[in-house]
Peer 1: 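For reference, the structure I am asking about is given below.
Just so you know, these numbers come straight off a predicted model, no measurement behind them.
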Amino acid sequence: MTNHGPEAFSTERLDATPLRAAHAEEMATVLADPALHTYTGGAPEDLDTLRARYTRWESGSPDPAEHWWNWVLRIRADGRLAGWVQATVAGPRAEIAWVIGTRWQGLGYAKEAAAGLVGHLLAGGTVRTVVAYIHPDHTASAAVAAAAGLVPTDEWEDGERRWSRTDVTSGAARPRADPRRRG
């Protein structure tokens, strides 16, 4: 894995390809359900807003020590997009997040995608610690984190519990960069 941008990866049923502004139209439909924001706040974005967000993400972090890696998830069997995964990578630490559209929830795609993402990040040799922040009432997201090998910690931020997986001691903790709240 390079530091220049995300590399595509695949799981048993999904292809994770780098997110581009061109994905906004299909993703606006995938992300249209307000229920997706129950635990994270906000509301579905219209196409222009989503395209502008993806353009910013595609440009990357303004901090050269931090990388914004984002992937859309395409179901191989039907070719449709079903969600996204992302990692904010700073040194040996990656903070991850995932969203699967309502239509595709309950089919194991989130667990498969998150586990695939964690494996992909750790296999690259740079990332040693993977972190996710999960609302305490979001049991489905907690199950996804557990399936990806993350365990809950006693640390909390903004009302969310920190889940973590460290394969090799990564050294000093770094400040949290919330990938869901980046511009």
Side-chain angles (χ1 to χ4, degrees), residues 1-9 16-24 27-28 31 36-37 39-73 83-100 110 113-135 138 141 144-145 148-183:
M1 186 177 314
T2 69
N3 286 335
H4 302 292
E7 292 182 2
F9 66 93
T17 58
L19 178 143
R20 301 287 178 244
H23 292 120
M27 288 300 293
L31 303 174
L36 292 174
H37 300 272
Y39 298 104
T40 60
E45 295 176 322
D46 64 45
L47 176 57
D48 290 337
T49 303
L50 191 61
R51 185 179 290 120
R53 176 181 301 278
Y54 287 0
T55 298
R56 286 190 305 274
W57 286 0
E58 207 177 327
S59 297
S61 172
D63 179 349
E66 180 178 271
H67 304 284
W68 293 351
W69 291 344
N70 303 277
W71 297 263
V72 290
L73 301 168
W84 55 260
V85 293
Q86 64 181 208
T88 300
V89 180
R93 181 177 174 183
E95 293 187 12
I96 66 171
W98 53 84
V99 173
I100 299 294
L117 174 61
V118 169
H120 179 68
L121 292 169
L122 294 175
T126 302
V127 172
R128 293 177 279 176
T129 300
V130 178
V131 173
Y133 289 87
I134 300 172
H135 189 283
H138 200 332
S141 201
V144 170
L150 281 70
V151 295
T153 71
D154 292 332
E155 296 178 44
W156 293 79
E157 186 161 330
D158 296 332
E160 295 179 321
R161 172 171 265 167
R162 179 179 186 235
W163 287 64
S164 182
R165 174 176 171 178
T166 300
D167 283 359
V168 177
T169 304
S170 63
R174 296 179 179 266
R176 176 179 180 215
D178 186 341
R180 291 167 302 167
R181 294 187 183 99
R182 60 168 122 127

Peer 1: Working to the nearest 0.5 Å, report the span between CZ of R20 and CG of N70.
Peer 2: 9.5 Å
Peer 1: With distance as the sole test, does W71 use its side chain to make a donor-acceptor pair with the main-chain N or O of E7 at under 3.5 Å?
Peer 2: yes
Peer 1: Run the side-chain hydrogen bond (donor to acceptor under 3.5 Å, both in side chains) test against D63 and tell me which residues pass, sequence neighbours left out.
Peer 2: none
Peer 1: Verify side chain to side chain contact (heavy atoms under 4.5 Å, CB included) between T40 and H135, making sure each step is shown before the conclusion.
Peer 2: CA-CA 8 Å; T40 60; H135 189 283; over 6 Å; no
Peer 1: Can you tell me how far the OH atom of Y133 sits from the OG atom of S164, to the nearest 0.5 Å?
Peer 2: 8.5 Å
Peer 1: Please find the pair of heavy atoms, one from V89 and one from L121, that lie closest to each other, and give the distance.
Peer 2: CG2-CD2, 4.5 Å
Peer 1: Identify the heavy atoms of A114 and V144 that sit nearest to each other, and give their distance.
Peer 2: CB-CG1, 3.5 Å
Peer 1: Looking at every heavy atom in both I100 and L36, which two are closest together, and how far apart are they?
Peer 2: O-CD2, 3.4 Å
Peer 1: For T153, check side-chain hydrogen bond (donor to acceptor under 3.5 Å, both in side chains) against everything at least two apart and list the hits.
Peer 2: none
Peer 1: If you compare all heavy atoms of M27 against all heavy atoms of L50, which two are closest, and at what distance to 0.1 Å?
Peer 2: C-CD2, 3.9 Å
Peer 1: Are L122 and R165 packed together at the side-chain level, in the sense that at least one heavy-atom pair is separated by less than 4.5 angstrom?
Peer 2: yes
Peer 1: Enter the distance from W84:CH2 to Y54:OH here, rounded to the nearest 0.5 Å.
Peer 2: 7.5 Å
Peer 1: Is the F9 ring parallel, tilted or perpendicular to the H120 ring (thresholds 30°, 60°)?
Peer 2: parallel
Peer 1: What pairs with R161 under side-chain hydrogen bond (donor to acceptor under 3.5 Å, both in side chains), at least two apart in sequence or on another chain?
Peer 2: none
Peer 1: Quick check: do E160 and H138 have side-chain heavy atoms less than 4.5 Å from each other?
Peer 2: no
Peer 1: Measure across W68 and R56 and return the closest heavy-atom pair with its distance rounded to 0.1 Å.
Peer 2: CZ3-O, 3.9 Å
Peer 1: So how far is it from L73 CG to H23 NE2, rounded to the nearest 0.5 Å?
Peer 2: 10.5 Å
Peer 1: Do E45 and L31 touch side chain to side chain, with heavy atoms closer than 4.5 Å?
Peer 2: no
Peer 1: Could you tell me which residues satisfy ring-ring contact (aromatic ring centres under 6.0 Å, His included) with H37, sequence neighbours excluded, listed by chain and number?
Peer 2: none
Peer 1: Please enumerate all residues that pass salt bridge (charged side-chain N to carboxylate O under 4.0 Å, His left out) together with R51, with sequence neighbours excluded.
Peer 2: D48
Peer 1: So, using side-chain contact (heavy atoms from CB on, under 4.5 Å) as the criterion, who are the partners of A145 when residues are at least two apart?
Peer 2: W98, I134, L150, W163
Peer 1: T129 and V131: which non-hydrogen atoms are nearest, and at how many Å?
Peer 2: CG2-CG2, 4.0 Å
Peer 1: Should the ring pair H67 and W69 be called parallel, tilted or perpendicular, given that the plane angle runs from 0 to 90° and is split at 30 and 60?
Peer 2: parallel
